[in-house]
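Here's the structure, in structure tokens; my notes come after.
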Amino acid sequence: MHLIIDGYNLIHTKPSLIRSHPNQLQWERDDLIDRLSLYQKVKSCRVTVIFDGWQSGWPVERTEVRKGIEIIYSRLGEKADEVIKRLIKEKGSGVIVITTDREIARFADRMNAPVISSNQFRERMDRSVTQIKDPFKKGGEEERGIKKKGLSKRPSKREKRIQSAIKKL
């Protein structure tokens, strides 16, 4: 499983304090990398995070690996969306895309790559990271898989891809 994550999109799903310090965004990036590193250890998956560098980045795309997480900063003048689309095109349906950006989601859907919203992924990631920190914590009823009876509806191929991707998370 290979996750391609829209970095700032995922950061902004977390309710944050007022950005009173100029280094606040860097701290949030570092915190995200730490949490993703823990998540990667639990789930044994490959994680690539893409951050925008189009306004104040380097003249060339910059890639680094920190704590086992591949981090890509788009080059000056290029948005992270373009890098994400390029990665989806290269990897095809072998990736799971984490974003709430509709344009990226539509592109990934056309390439048969499942898309998970950043909010959904953050919940799963936080739950996994919490289990590492507190392994004796029990899940609630929603995690126990209580099924309700009612009319059955066959999910579409897209819905099946998303459900399969969520189960892997």
Side-chain angles (χ1 to χ4, degrees), residues 1-17 19 21-101 103-135 161-162 164-169:
M1 178 169 66
H2 182 182
L3 303 178
I4 295 180
I5 300 174
D6 187 344
Y8 289 132
N9 194 283
L10 185 57
I11 284 175
H12 294 305
T13 62
K14 177 178 129 184
S16 61
L17 302 173
R19 297 186 197 287
H21 197 278
N23 292 330
Q24 181 69 28
L25 190 57
Q26 180 61 42
W27 290 337
E28 288 181 10
R29 277 194 305 255
D30 291 342
D31 180 56
L32 178 64
I33 299 304
D34 291 342
R35 296 177 79 68
L36 286 171
S37 178
L38 288 172
Y39 181 81
Q40 183 179 32
K41 288 176 185 171
V42 170
K43 297 297 183 174
S44 300
C45 60
R46 184 170 169 216
V47 178
T48 302
V49 182
I50 297 91
F51 292 110
D52 268 324
W54 74 282
Q55 288 181 323
S56 60
W58 292 270
V60 295
E61 185 174 294
R62 185 169 161 238
T63 303
E64 66 181 69
V65 177
R66 198 169 359 136
K67 297 185 179 183
I69 306 296
E70 181 182 16
I71 305 164
I72 300 175
Y73 296 93
S74 65
R75 64 182 162 80
L76 188 64
E78 180 182 43
K79 292 191 176 193
D81 296 7
E82 299 306 315
V83 177
I84 293 169
K85 288 178 185 177
R86 187 181 75 231
L87 290 172
I88 294 169
K89 195 180 272 188
E90 289 172 6
K91 310 287 184 194
S93 61
V95 298
I96 297 174
V97 182
I98 312 297
T99 187
T100 49
D101 187 299
E103 183 182 341
I104 294 172
R106 281 192 293 263
F107 182 83
D109 206 31
R110 285 194 304 267
M111 302 304 273
N112 293 323
V115 178
I116 308 297
S117 77
S118 296
N119 292 324
Q120 262 186 321
F121 178 74
R122 178 167 288 281
E123 288 172 14
R124 296 252 179 186
M125 178 179 65
D126 289 346
R127 202 175 314 141
S128 295
V129 170
T130 303
Q131 286 176 350
I132 290 173
K133 292 179 180 177
D134 187 6
R161 268 196 320 267
I162 291 171
S164 173
I166 288 174
K167 285 179 185 176
K168 291 178 184 176
L169 297 177

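Heavy atoms only: backbone and side chains are in, while hydrogens, waters and symmetry mates are out.
The minimum heavy-atom distance between Ile88 and Ala113, with the atom names listed, is CG2-CB, 4.3 Å. Nearest heavy atoms, Ser118 versus Ile98: CA-CG2, 4.1 Å. Smallest separation of non-hydrogen atoms from Lys85 and Phe107: O-CE2, 3.3 Å. Residues Leu32 and Gly7 share a closest heavy-atom pair of CD2-O, 3.9 Å. Considering every non-hydrogen atom in both Val60 and Arg75, the closest pair reads C-CB, 3.4 Å. Summarising the geometry of Asn9 relative to Asp101, their closest heavy-atom pair is ND2-N, 3.7 Å, with the distance given to 0.1 Å.
With rounding to the nearest 0.5 angstrom, the SG atom of Cys45 is 11.0 Å from the NZ atom of Lys168. Taking CE of Met1 as the reference point, atom CD of Gln40 lies at 10.0 Å (rounded to 0.5 Å). The CZ atom of Arg35 sits 12.0 Å away from atom NZ of Lys67, with the distance rounded to the nearest 0.5 Å. In this structure, the separation between CG on Leu36 and OG1 on Thr48 is 10.5 Å, given to the nearest 0.5 Å. Between the OG1 atom in Thr13 and the OH atom in Tyr8 there is a gap of 14.5 Å [rounded to 0.5 Å]. Note that CD1 of Ile166 is 6.0 Å distant from CZ of Arg124, once rounded to the nearest 0.5 Å.
Contact annotation: the side chain of Leu3 approaches that of Phe121 to within less than 4.5 Å [non-hydrogen atoms, C-beta and beyond].
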Apply side-chain contact (heavy atoms from CB on, under 4.5 Å) to residues Ile104 and Val97 and explain how you reach the verdict. CA-CA 9 Å; Ile104 294 172; Val97 182; 4.1 Å; yes
Assess the residue pair Phe51 and Ile11 against the criterion (side-chain contact (heavy atoms from CB on, under 4.5 Å)); give the C-alpha distance rounded to whole Å, side-chain angles, the decisive distance to 0.1 Å, and a yes or no. CA-CA 10 Å; Phe51 292 110; Ile11 284 175; 3.9 Å; yes
Give the intermediate values and the outcome of side-chain contact (heavy atoms from CB on, under 4.5 Å) for residues Met111 and Val95. CA-CA 10 Å; Met111 302 304 273; Val95 298; over 6 Å; no
Show the numbers, then the answer: is there a side-chain contact (heavy atoms from CB on, under 4.5 Å) between Ile116 and Ile162? CA-CA 7 Å; Ile116 308 297; Ile162 291 171; 4.1 Å; yes
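Using a distance-only test at 3.5 Å, with no hydrogens or angles considered, a donor-acceptor pair links the side chain of Asp52 to the main chain of Ala80. At least one donor-acceptor pair under 3.5 Å links the side chain of Arg122 to the backbone N or O of Leu10.
Using a 4.0 Å cut-off between charged side-chain N and carboxylate O, Glu61 and Arg86 make a salt bridge.
Side-chain contact, Glu123 with Asn119: no donor N or O sits under 3.5 Å from an acceptor N or O.
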